[in-house]
**Q** 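Let me begin by handing over the structure; questions about it come next.
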Amino acid sequence: ASNVLNTEEVLSDLRGWQAYIGHTLSIIENFRFDTVLNQNMHIEEVLETICRKLEQLQVIRDKEEIIEKLLERQSLGGLGIPNMRLALFHAKAEAVLRPAVRLYHLDNPLLIKGMDKKYLDVDRILLLLAPARISKEGLEVLSEVSSLLIEDELAPILESGNQQRIIAFFTTHLYKYVLAKIKKER
């Protein structure tokens with residue numbers, strides 16, 4: 001029996017792996033931290049501040065559309081992660097020009113409804129933004145980022161505020177995720 005593989009299948013696998021690796025690299029290399037001085041601000045004003053800056057950085061092109069999507073998502077259910085002091089805001093929209101993962105520190109905690117329907121004080125917002133036409137692989141990598149939020153080891157790392165540790169956590173887990181994808185698809 002021949003050990004020669006089907007060229008089309010091999011090329012398809014390689015393209016898929018390239019897409020996973022490309023999106024993972026992009027997310028890790030473009031992961032950013034920022035602080036929002038949010039004294040006396042409601043969540044709408046915090047999102048306005050965040051989105052105004054993202055518009056200036058050309059990550060998004062229409063901040064109003066993004067704010068609307070984020071608030072709409074919030075109205076559907078709690079976004080606070082219990083025991084993490086963190087809220088996960090995410091949106092997929094035409095106005096998103098490139099995928100973005102941003103971790104914002106709030107200098108004043110906000111009361112946000114949690115995923116368990118109880119209100120909690122949140123002093124960090126993890127923002128995940130995806131273009132409307134993002135590939136299947138890109139969406140899967142962003143979904144993996146959000147699934148990492150329930151990892152027990154993340155809470156103390158976020159609490160530390162140490163950006164290198166936070167990046168190392170996400171980099172390590174996304175690297176393992178891509179390796180598993182490549183092994184599984186063989």
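Note that the coordinates shown come from a computational prediction; the quantities given were computed from them, not determined experimentally. Numbering starts at 1 and runs along the sequence shown. Heavy atoms only: backbone and side chains are in, while hydrogens, waters and symmetry mates are out.
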**Q** Hey, what do you get for CD (Q74) to NZ (K113), rounding to the nearest 0.5 Å?
**A** 9.0 Å
**Q** Report yes or no: does R124 contribute a side-chain atom to a donor-acceptor pair with the main-chain N or O of G161 at less than 3.5 Å?
**A** no
**Q** Cluster partners of L179, using ILVMFWY side-chain heavy atoms under 4.5 angstrom, listed by chain and number?
**A** Y175
**Q** Considering non-hydrogen atoms only, spot the tightest contact between G114 and L120 and give its length.
**A** CA-CD2, 3.3 Å
**Q** According to the ring-ring contact (aromatic ring centres under 6.0 Å, His included) rule, which pairs have a member within residues 36-62, sequence neighbours left out?
**A** none
**Q** If a pair satisfies salt bridge (charged side-chain N to carboxylate O under 4.0 Å, His left out) and one of its residues is in residues 40-52, list it, with sequence neighbours excluded.
**A** E48-R52, E48-K63
**Q** Looking at CD1 of I150 and CD1 of I81, how far apart are the two atoms once the value is rounded to the nearest 0.5 Å?
**A** 9.0 Å
**Q** How would you list, by chain and number, every residue that makes a ring pair (Phe, Tyr, Trp, His ring centres under 6.0 Å) with F169, sequence neighbours excluded?
**A** H173
**Q** Hydrophobic cluster membership, with links at side-chain heavy-atom distances under 4.5 Å among I/L/V/M/F/W/Y: are L127 and I43 in one?
**A** yes
**Q** Of the non-hydrogen atoms in G80 and I112, which two are nearest, and what is the gap between them?
**A** N-CG2, 4.1 Å
**Q** Counting only heavy atoms not in D107 (residues, nucleotides, ligands), do more than 12 fall under 6.0 Å from its CG?
**A** yes
**Q** Between E153 and R165, does any NZ, NE, NH1 or NH2 come within less than 4.0 Å of an OD or OE carboxylate oxygen?
**A** no
**Q** If the threshold is 4.0 Å, N to carboxylate O, is there a salt bridge linking E137 and K181?
**A** no
**Q** Of all heavy-atom pairs between L128 and S146, which one has the smallest distance, and what is that distance?
**A** CD1-CB, 3.7 Å
**Q** Where is the tightest heavy-atom contact between A155 and N83, given as atom of each residue plus distance?
**A** CB-O, 4.4 Å
**Q** According to a hydrophobic-cluster definition based on side-chain heavy atoms being under 4.5 Å apart (Ile, Leu, Val, Met, Phe, Trp, Tyr only), do L79 and I125 belong together?
**A** yes
**Q** Linking I/L/V/M/F/W/Y whenever any side-chain heavy atoms sit under 4.5 Å apart, do F31 and I60 land together?
**A** no
**Q** Could you tell me if the side chain of L103 sits less than 4.5 Å from the side chain of L86, heavy atoms only?
**A** yes
**Q** Does a side-chain heavy-atom distance below 4.5 Å link V101 with N30?
**A** no
**Q** Counting C-beta onward and ignoring hydrogens, is there a side-chain heavy-atom pair between L37 and T49 closer than 4.5 Å?
**A** no
**Q** Where is the tightest heavy-atom contact between S147 and E144, given as atom of each residue plus distance?
**A** OG-O, 2.8 Å
**Q** Are V122 and L149 co-members of a hydrophobic cluster defined by side-chain heavy atoms under 4.5 Å apart?
**A** no
**Q** Show the nearest heavy-atom pair for residues R98 and V59, with the distance to one decimal.
**A** NH2-CG2, 3.4 Å
**Q** Tell me, do Y177 and V141 make a side-chain contact under 4.5 Å, heavy atoms counted?
**A** yes
**Q** If we only count heavy atoms from C-beta on, is the L139 to K92 side-chain gap below 4.5 Å?
**A** yes
**Q** Looking at CG of L11 and CG of L5, how far apart are the two atoms once the value is rounded to the nearest 0.5 Å?
**A** 11.0 Å
**Q** Verify the cluster assignment for L154 and V145: are they in a single hydrophobic cluster under the rule of side-chain heavy atoms below 4.5 Å apart?
**A** yes
**Q** Does any non-hydrogen side-chain atom of I50 lie less than 4.5 Å from one of L70?
**A** no
**Q** Which pairs count as salt bridge (charged side-chain N to carboxylate O under 4.0 Å, His left out) when at least one residue sits in residues 64-87, sequence neighbours excluded?
**A** R85-D123
**Q** Got a sec, which pairs hit ring-ring contact (aromatic ring centres under 6.0 Å, His included) with one end in residues 80-138, sequence neighbours left out?
**A** none
**Q** Considering residues, nucleotides and ligands other than L25, do more than 12 of their heavy atoms fall under 6.0 Å from its CG?
**A** yes
**Q** What's the spacing between L47 CG and I66 CD1 if we round to 0.5 Å?
**A** 11.0 Å
